[in-house]
Amino acid sequence: MANTLRLYLTCIRNTLEAAMCLQNFPCQEVERHNKPEVELKTSTELLLNPVLICRNEAEKCLIETSINSLRISLKVKQSDELENILTKKFLRFLSMRAEAFQVLRRKPVQGYDISFLITNYHCEEMQKQKLIDFIVQFMEDIDKEISELKMSVNTRGRLVATEFLKQFI
Amino acid sequence: MAATGGFVEADNAEAIITRIEHKSRKIESLLKQLKPVEALKTALEGSPPMTRDERCKSANWIVVHRALMAIKDVDGMLSSLDPEYHDILMKYLYRGLSTGDRPTCDQCLRIHEKLTEKAGLGCILRSLADTVNTV
């Protein structure tokens, strides 16, 4: 179980190392504009093949690259209804504060829970290895965070129920 | 030019599918003889290079999938595989990873790690960049 997680993260790390080859590329259609080509997808010659890496039926990662930008979309494992709600709320909380993260996308791509958009400007300011470490670390931590949240919800629920039902003893 | 190209495609597709069927029979016999590495080599050999036909690609994928799942010793397999097959194998691994089926993904992740160690990041990048010969 832990082994597949390690293999999954290694695969994503290797793919990102290979795919993060970004350079500045001004927009071809409009003068003086510079847009992340992976979002627009207007010219096919600027895009690489998108790659979908699935760990199992529930977890997957879509990596789309273009000449000046790279988009990573993650689908996190959600085993039950409670985890579903917690994941949605927690990741929405993070996405709303995307400015602080710089590489986070405000809305996840359709069908996924969270998306990152890395442009050539990010690669110039920040180190490529550190960016990849950040993404992989994020993926490891998100599972821990969600289980912690779930545990705290269950604990609080139990405490509240105990207190409430004490009055009926 | 495009029309004649399409015509040739249609004829070729049938020929290619028959060839793939022959290949799959050969692979089944190799697997029965417990030679999974040979089976994988045969599966990767005649990979349709210029077909745009989805059926040929799916048929070939099924054959390669069968050979991939039978591999138990990944290191041995990679050491005996010629370097020219690394790129094709990487493309098929990514196709396997996109299926989402648990045993396939487990096997593909295992082989992917070892293949990257052997072939390097260039192999991954070639499979990403090649938009013409996709599998």
Side-chain angles (χ1 to χ4, degrees), chain A residues 1-23 37-38 41 43-79 111-112 128-129 132 136 139, chain B residues 47-52 54 57-58 61 65 68-69 71-75 77-78 86-135:
Chain A
M1 173 64 186
N3 206 25
T4 41
L5 177 66
R6 188 189 62 85
L7 285 174
Y8 177 57
L9 293 176
T10 319
C11 180
I12 292 186
R13 181 184 285 272
N14 287 333
T15 316
L16 281 179
E17 273 191 47
M20 207 175 288
C21 43
L22 311 176
Q23 64 183 69
E37 294 294 338
V38 78
K41 298 201 170 81
S43 317
T44 49
E45 74 270 11
L46 303 174
L47 304 172
L48 295 185
N49 293 330
V51 143
L52 180 61
I53 301 171
C54 298
R55 183 182 169 193
N56 45 44
E57 294 81 7
E59 285 183 72
K60 53 188 174 162
C61 169
L62 177 66
I63 300 177
E64 303 159 280
T65 329
S66 71
I67 189 165
N68 61 0
S69 43
L70 160 68
R71 188 164 71 183
I72 306 154
S73 311
L74 302 173
K75 182 138 190 65
V76 177
K77 175 181 64 157
Q78 291 149 36
S79 5
Y112 294 86
K128 176 175 145 180
Q129 280 301 328
I132 298 175
V136 173
M139 293 178 73
Chain B
S47 285
M50 280 295 189
T51 356
R52 218 73 54 85
E54 275 313 309
K57 293 195 208 242
S58 317
W61 160 241
H65 180 231
L68 271 178
M69 294 311 287
I71 301 258
K72 298 281 182 298
D73 174 27
V74 182
D75 289 317
M77 183 267 289
L78 284 178
H86 285 169
D87 290 349
I88 304 249
L89 180 58
M90 187 59 88
K91 290 184 192 171
Y92 277 115
L93 285 180
Y94 276 119
R95 182 153 179 173
L97 286 171
S98 65
T99 55
D101 169 46
R102 196 181 289 248
T104 319
C105 289
D106 280 345
Q107 182 79 335
C108 287
L109 283 174
R110 243 174 286 156
I111 303 181
H112 186 280
E113 188 195 9
K114 297 276 161 60
L115 183 59
T116 323
E117 275 170 26
K118 189 143 192 274
L121 296 175
C123 190
I124 300 182
L125 198 53
R126 278 189 291 273
S127 72
L128 285 177
D130 199 347
T131 45
V132 173
N133 311 330
T134 53
V135 291

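Here is the naming used below: chain letters follow the sequence lines, and residue numbers restart at 1 for every chain.
Two residues are said to be in side-chain contact when any heavy atoms from C-beta on lie closer than 4.5 Å; C11(A) and L109(B) meet this criterion. In this structure, the side chains of H112(B) and T15(A) come closer than 4.5 Å at one or more pairs of heavy atoms.
Contact count versus chain A (heavy atoms, under 4.5 Å) is highest, among L128(B), L121(B), T131(B), L125(B), for L128(B). Annotation: maximal heavy-atom pairing with chain A below 4.5 Å, among T104(B), D130(B), L93(B), occurs at D130(B).
Atom OG1 of T4(A) and atom CG of D106(B) lie 6.0 Å apart (nearest 0.5 Å). The line from OG1 of T10(A) to CD of E113(B) is 5.0 Å long, rounded to the nearest 0.5 Å. The distance from the SG atom of C105(B) to the NZ atom of K60(A) is 11.0 Å, given to the nearest 0.5 Å. The CG atom of L48(A) lies 9.5 Å from the OG atom of S127(B); values are rounded to the nearest 0.5 Å.
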One pair to check against side chain to side chain contact (heavy atoms under 4.5 Å, CB included): I124(B) and N14(A). What are the steps and the verdict? CA-CA 8 Å; I124(B) 300 182; N14(A) 287 333; 3.8 Å; yes

Could you walk me through whether N49(A) and Y94(B) satisfy the side chain to side chain contact (heavy atoms under 4.5 Å, CB included) test, starting with their C-alpha distance in whole Å, then the side-chain angles of each, then the deciding distance to 0.1 Å, before giving a yes or no? CA-CA 11 Å; N49(A) 293 330; Y94(B) 276 119; over 6 Å; no

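When heavy atoms are compared at a cutoff of 4.5 Å, R110(B) approaches chain A by way of both its backbone and its side chain. Of the two parts of T116(B), only the side chain, counted from C-beta on, holds a non-hydrogen atom closer than 4.5 Å to a non-hydrogen atom of chain A.
With sequence neighbours excluded, the residues satisfying side-chain contact (heavy atoms from CB on, under 4.5 Å) with L47(A) are K41(A), S66(A).
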